[in-house]
Colleague: 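Can you read through this structure? Questions will come right after.
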Amino acid sequence: MDAPIHVTDATFEKTVLQSALPVIVDFWAPWCGPCRLIAPALEKIAKDYAGKLLVAKVNTDENPEWATRFGVQGIPTLLFVANGKVVHRQVGALPEGMLRDVVEQFLEVVQAASAQANS
């Protein structure tokens, strides 16, 4: 997927928790200014890392279930999920450069864990 995918409460488990690829989950809402600020960066990341990770967007106004389950209290909240587990949580908007650094660190951690599991 070279663009963020919109995930509902009904599709969250299959799309995010059972994903073979690492997933960045963006909990957002249309009225949230900081959410709109990071949206273009997430779109670029989805395109640049296509095949390596998924960017999943969850509109918390329409789909509150998983945000509640993960204790999301402020948006935007980004969950970095690998193998069904939250590896990192980022609350609030970051500039694109910093967000890319977090993504790179996330992928390194996932790759290291995967290599360790396979050795």
Side-chain angles (χ1 to χ4, degrees):
M1 284 287 197
D2 65 352
I5 52 176
H6 292 272
V7 179
T8 64
D9 284 340
T11 61
F12 189 93
E13 191 164 354
K14 183 173 187 341
T15 305
V16 175
L17 300 180
Q18 297 174 6
S19 173
L21 293 174
V23 184
I24 301 171
V25 183
D26 174 23
F27 288 100
W28 70 285
W31 50 264
C32 166
C35 298
R36 289 195 305 270
L37 273 177
I38 65 168
L42 288 171
E43 287 174 18
K44 287 183 196 168
I45 287 167
K47 182 178 244 139
D48 293 349
Y49 292 89
K52 294 183 184 161
L53 65 77
L54 291 176
V55 175
K57 297 180 71 69
V58 180
N59 179 334
T60 57
D61 284 351
E62 296 171 359
N63 300 282
E65 179 186 337
W66 287 95
T68 302
R69 285 195 195 186
F70 284 110
V72 172
Q73 295 181 335
I75 53 174
T77 291
L78 302 177
L79 296 184
F80 293 78
V81 179
N83 300 316
K85 306 247 184 305
V86 177
V87 175
H88 179 69
R89 174 187 296 248
Q90 173 65 47
V91 180
L94 287 177
E96 184 176 344
M98 289 176 72
L99 187 55
R100 285 184 177 274
D101 288 346
V102 172
V103 169
E104 282 295 325
Q105 289 173 2
F106 169 57
L107 290 175
E108 285 173 20
V109 166
V110 169
Q111 285 176 333
S114 176
Q116 194 172 19
N118 294 332
S119 64

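Remember, it's a predicted structure, so these values are computed and weren't measured experimentally. Side chains included, hydrogens not; waters and symmetry mates left out as well; all remaining heavy atoms used.
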Colleague: Nearest 0.5 angstrom please: Asp2 CG to Glu43 CD, how far?
Modeller: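 Separation between the atoms: 11.0 Å.
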
Colleague: Check the hydrophobic clustering (I, L, V, M, F, W, Y; side-chain heavy atoms under 4.5 Å; chains of links allowed) and say if Val102 and Val81 are grouped together.
Modeller: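 No, it is not one cluster - the side chains of Val102 and Val81 are not joined through contacts under 4.5 Å.
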
Colleague: Are Val72 and Trp66 side-chain neighbours, meaning at least one heavy-atom pair lies under 4.5 Å?
Modeller: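 When only atoms from C-beta onward are counted, Trp66 and Val72 do not touch, as no gap falls below 4.5 Å.
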
Colleague: How far apart are the closest heavy atoms of Lys57 and Leu42, and which atoms are they?
Modeller: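 Scanning both residues, the minimum pair turns out to be NZ-CD1, 4.5 Å.
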
Colleague: So Phe80 and Val109, do their side chains get closer than 4.5 Å, heavy atoms only?
Modeller: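 Sidechains of Phe80 and Val109: no contact.
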
Colleague: Can you hop from Ile38 to Phe106 via hydrophobic side chains spaced under 4.5 Å?
Modeller: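 Linked, Ile38 and Phe106 end up in one cluster.
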
Colleague: Hey, quick one: are Leu78 and Phe70 part of the same hydrophobic cluster, counting side-chain heavy atoms closer than 4.5 Å, chains of contacts allowed?
Modeller: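 No, it is not one cluster - the side chains of Leu78 and Phe70 are not joined through contacts under 4.5 Å.
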
Colleague: Give a yes or no on whether the backbone of Pro64 and the side-chain of Thr68 come within a donor-acceptor separation of less than 3.5 Å.
Modeller: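 Looks like yes, one N/O pair under 3.5 Å.
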
Colleague: Linking I/L/V/M/F/W/Y whenever their side-chain heavy atoms sit closer than 4.5 Å, directly or via other members, would Met98 and Val91 fall into one cluster?
Modeller: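 No, Met98 does not connect to Val91 through the hydrophobic network.
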
Colleague: In terms of hydrophobic clusters joined by side-chain contacts under 4.5 Å, are Val103 and Val55 together?
Modeller: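 They do share one cluster, since a chain of ILVMFWY contacts under 4.5 Å joins Val103 to Val55.
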
Colleague: Can you tell if the side chain of Ile75 reaches within under 4.5 Å of the side chain of Trp31, non-hydrogen atoms only?
Modeller: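 Contact flag for Ile75/Trp31 side chains = yes.
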
Colleague: Between Thr60 and Trp28, is any pair of side-chain heavy atoms under 4.5 Å apart?
Modeller: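 No. Closest side-chain heavy atoms not under 4.5 Å.
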
Colleague: Walk me through whether Glu104 and Arg100 qualify under salt bridge (Lys or Arg N to Asp or Glu O under 4.0 Å).
Modeller: CA-CA 6 Å; Glu104 282 295 325; Arg100 285 184 177 274; over 6 Å; no

Colleague: For Asn83, I'd like to know if atom CG has over 12 heavy atoms of other residues, nucleotides or ligands within 6.0 Å.
Modeller: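 Count not over threshold, so no.
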
Colleague: With heavy-atom distances below 4.5 Å as the criterion, would you say the side chains of Val25 and Val7 are in contact?
Modeller: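 No, every pair of side-chain atoms sits at 4.5 Å or beyond.
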
Colleague: When rounded to the nearest 0.5 angstrom, what distance separates CG in Leu99 from CD1 in Ile24?
Modeller: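 Atom-to-atom, Leu99:CG and Ile24:CD1 are 6.5 Å apart.
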
Colleague: Work out which heavy atom in Pro34 is nearest to a heavy atom in Pro76; give both atom names and the distance.
Modeller: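 Heavy atoms only, the tightest pair is CB-CD, 3.7 Å.
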
Colleague: Yes or no on side chain to side chain contact (heavy atoms under 4.5 Å, CB included) for Glu62 and Thr8, after CA distance, side-chain angles and deciding distance?
Modeller: CA-CA 8 Å; Glu62 296 171 359; Thr8 64; over 6 Å; no

Colleague: Do Phe12 and Arg69 touch side chain to side chain, with heavy atoms closer than 4.5 Å?
Modeller: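 Side chain of Phe12 against side chain of Arg69, heavy atoms only: no contact under 4.5 Å found.
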
Colleague: Is any side-chain heavy atom of Val16 closer than 4.5 Å to a side-chain heavy atom of Leu79?
Modeller: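 Sidechains of Leu79 and Val16: no contact.
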
